[in-house]
Enquirer: 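Input: one structure, supplied below.
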Amino acid sequence: MPNETDYAPLYARVENALAAEIAAGGLPPGSQLPPEDGLIARFGVSRTTVRKAIEHLVARGLVEIRRGRGTFVAEPKLTQPLTGLSGFVEDMAALGRHATARLLDKRPVPASEAVARQLGVAQGTQVYRIERVRLADGVAMSFDETYLPLEIGEQVASNDLEAEPIFDLLELRYALPLIEAQYQLEAVTADAHVAQALGVPPGSPIFLIERTSYTEGQRPVDYEKLYYRGDLIRFSTRLARAPRRP
């Protein structure tokens with residue numbers, strides 16, 4: 001008796017066969033799909049059919065095309081809850097991933113209008129900026145710009161920032177407990193600087209989280225712009241409905 005898939009378009013049969021192979025682990029995350037000619041020979045279809053099947057797999061987030069290199073199985077997305085103030089190392093540990101960092105730059109810079117507003121200083125005041133790539137199991141997940149008041153930043157930057165989380169340094173070494181934070185999340189595309197840091201093409205989808213953390217007395221001590229790869233992570237939260245007024 002004919003199977004339902006026997007009536008599917010040719011591109012859908014190729015798409016479903018490759019999707020099943022990915023799901024079964026035959027094509028693990030990070031592995032490269034066979035070249036077009038190999039898929040044409042394997043499935044006995046045209047180049048147009050193969051390309052349409054790949055387009056659908058890209059749209060489903062199962063594979064990604066890396067220009068000049070080929071088509072690769074995408075890494076599965078991590079789901080990170082937004083339920084409390086925590087750092088990258090803590091977040092990845094909760095997801096069973098090993099977090100590391102790669103330091104790109106650290107230096108005093110004049111505060112822009114946005115940075116000055118978040119840290120409660122005058123525009124142009126010297127603050128300390130730290131740029132790092134954060135990795136989970138060796139895969140670049142986010143590019144972080146961290147801005148700290150100058151004196152605090154100089155203290156923090158004297159440590160090994162590839163090994164010691166900034167939150168730990170602030171709280172455990174410099175007695176600056178982080179009480180709460182203000183978050184703002186939006187969808188953006190990677191500019192050239194962010195794309196180079198994360199190793200993705202410019203224009204790639206990015207989650208931008210702006211986070212200002214406060215210590216005792218509502219004093220801002222840490223302002224961050226966190227650029228997360230949109231193809232590798234998603235965020236979740238749980239919200240309570242406010243009681244209706246009578």
Side-chain angles (χ1 to χ4, degrees), residues 15 18-19 22-23 27-36 39 50-82 86-107 109 112 114 129-147 161-162 165-166 183-211 223-236:
E15 173 192 348
L18 292 173
I22 291 170
L27 288 168
S31 63
Q32 186 172 8
L33 263 63
E36 281 186 358
L39 294 174
V50 166
R51 288 182 176 176
K52 191 167 185 179
I54 297 299
E55 286 176 8
H56 280 243
L57 290 171
V58 170
R60 291 168 62 178
L62 295 178
V63 303
E64 59 184 8
I65 298 173
R66 301 177 188 172
R67 292 179 185 174
R69 296 181 59 193
T71 304
F72 293 79
V73 178
E75 298 286 341
K77 285 192 177 185
L78 298 178
T79 300
Q80 179 180 318
L82 291 178
S86 56
F88 183 84
V89 173
E90 297 166 296
D91 293 335
M92 292 303 108
L95 295 171
R97 302 299 180 99
H98 175 62
T100 54
R102 186 166 70 246
L103 179 66
L104 300 183
D105 189 44
K106 57 177 184 177
R107 69 178 68 184
V109 296
S112 66
R129 184 186 69 196
I130 298 166
E131 294 185 339
R132 294 171 299 163
V133 175
R134 314 304 298 276
L135 305 96
D137 293 340
V139 177
M141 296 290 296
S142 76
F143 166 62
D144 297 1
E145 291 180 46
T146 300
Y147 296 89
L161 296 177
E162 295 193 345
I166 289 177
Y183 277 70
Q184 180 173 297
L185 188 152
E186 64 177 307
V188 300
T189 56
D191 63 20
H193 185 53
V194 172
Q196 182 178 19
L198 291 175
V200 299
S204 296
I206 296 291
F207 285 117
L208 168 59
I209 294 178
E210 293 185 69
R211 179 174 67 193
Y223 169 58
E224 297 169 285
K225 298 178 74 173
L226 313 173
Y227 298 87
Y228 280 89
R229 284 182 56 173
D231 60 331
L232 294 185
I233 197 162
R234 58 186 172 186
F235 298 94
S236 68

Enquirer: If you round to the nearest 0.5 Å, how far is CD of Glu145 from CD of Glu224?
Expert: 10.5 Å
Enquirer: Rounded to the nearest 0.5 Å, what's the gap from NE2 on His193 to CD on Glu131? Could you check?
Expert: 4.0 Å
Enquirer: Quick check: do Phe88 and Leu226 have side-chain heavy atoms less than 4.5 Å from each other?
Expert: no
Enquirer: Working to the nearest 0.5 Å, report the span between CD1 of Ile233 and CG of Leu78.
Expert: 5.5 Å
Enquirer: Determine, stepwise, if the pair Ile54 / Leu39 fulfils side-chain contact (heavy atoms from CB on, under 4.5 Å).
Expert: CA-CA 10 Å; Ile54 297 299; Leu39 294 174; 4.3 Å; yes
Enquirer: How far apart are the C-alpha atoms of Val194 and Leu208, what are their side-chain angles, what is the distance that settles it, and do they pass the side-chain contact (heavy atoms from CB on, under 4.5 Å) test?
Expert: CA-CA 11 Å; Val194 172; Leu208 168 59; over 6 Å; no
Enquirer: Would you name the heavy atoms of Leu103 and Arg132 that are closest together and state the gap between them?
Expert: CD1-CG, 3.8 Å
Enquirer: Identify the heavy atoms of Pro28 and Val73 that sit nearest to each other, and give their distance.
Expert: O-CB, 3.4 Å
Enquirer: Does a side chain donor of either Arg211 or Tyr183 reach within less than 3.5 Å of an acceptor in the other side chain?
Expert: yes
Enquirer: On a heavy-atom basis, which atom in Val200 and which in Ala190 lie closest, and how many Å separate them?
Expert: CG2-CB, 4.5 Å
Enquirer: Given the rule in the side-chain contact (heavy atoms from CB on, under 4.5 Å) test, do Met141 and Arg229 qualify, once you have shown the distances and angles that lead to the verdict?
Expert: CA-CA 6 Å; Met141 296 290 296; Arg229 284 182 56 173; over 6 Å; no
Enquirer: Quick one: closest heavy-atom pair of Gly30 and Phe72, and the distance?
Expert: O-CD2, 3.5 Å
Enquirer: Measuring from Gln32:CD to Leu27:CG, what's the distance to the nearest 0.5 Å?
Expert: 10.5 Å
Enquirer: Can you tell me how far the CD1 atom of Ile206 sits from the OH atom of Tyr227, to the nearest 0.5 Å?
Expert: 9.5 Å
Enquirer: Check this for me: does any side-chain nitrogen of one of Glu36 and Arg51 sit under 4.0 Å from a carboxylate oxygen of the other?
Expert: yes
Enquirer: Provide the closest heavy-atom pair for Pro165 versus Val89 in the form atom of the first, atom of the second, distance.
Expert: CG-CG2, 3.7 Å
Enquirer: State, with a plain yes or no, whether a side-chain heavy atom of Met92 is found less than 4.5 Å away from one of His98.
Expert: no
Enquirer: Any chance CD of Gln196 has more than 12 other-residue heavy atoms, nucleotides or ligands included, within less than 6.0 Å?
Expert: no
Enquirer: Just by distance, no angles: are the side chains of Glu210 and Tyr223 close enough, under 3.5 Å, to form a donor-acceptor pair?
Expert: yes
Enquirer: So among Arg134, Gln80, Arg97, which one has a side-chain hydrogen bond (donor to acceptor under 3.5 Å, both in side chains) with Asp91?
Expert: Gln80
Enquirer: Are a donor atom and an acceptor atom from the side chains of Thr146 and Asp144 found within less than 3.5 Å of each other?
Expert: no
Enquirer: Rounded to the nearest 0.5 Å, what separation is found between the CD1 atom of Ile130 and the CG atom of Leu161?
Expert: 5.0 Å
Enquirer: Between Ala19 and Leu57, what is the shortest heavy-atom contact and its length?
Expert: CB-CD2, 4.1 Å
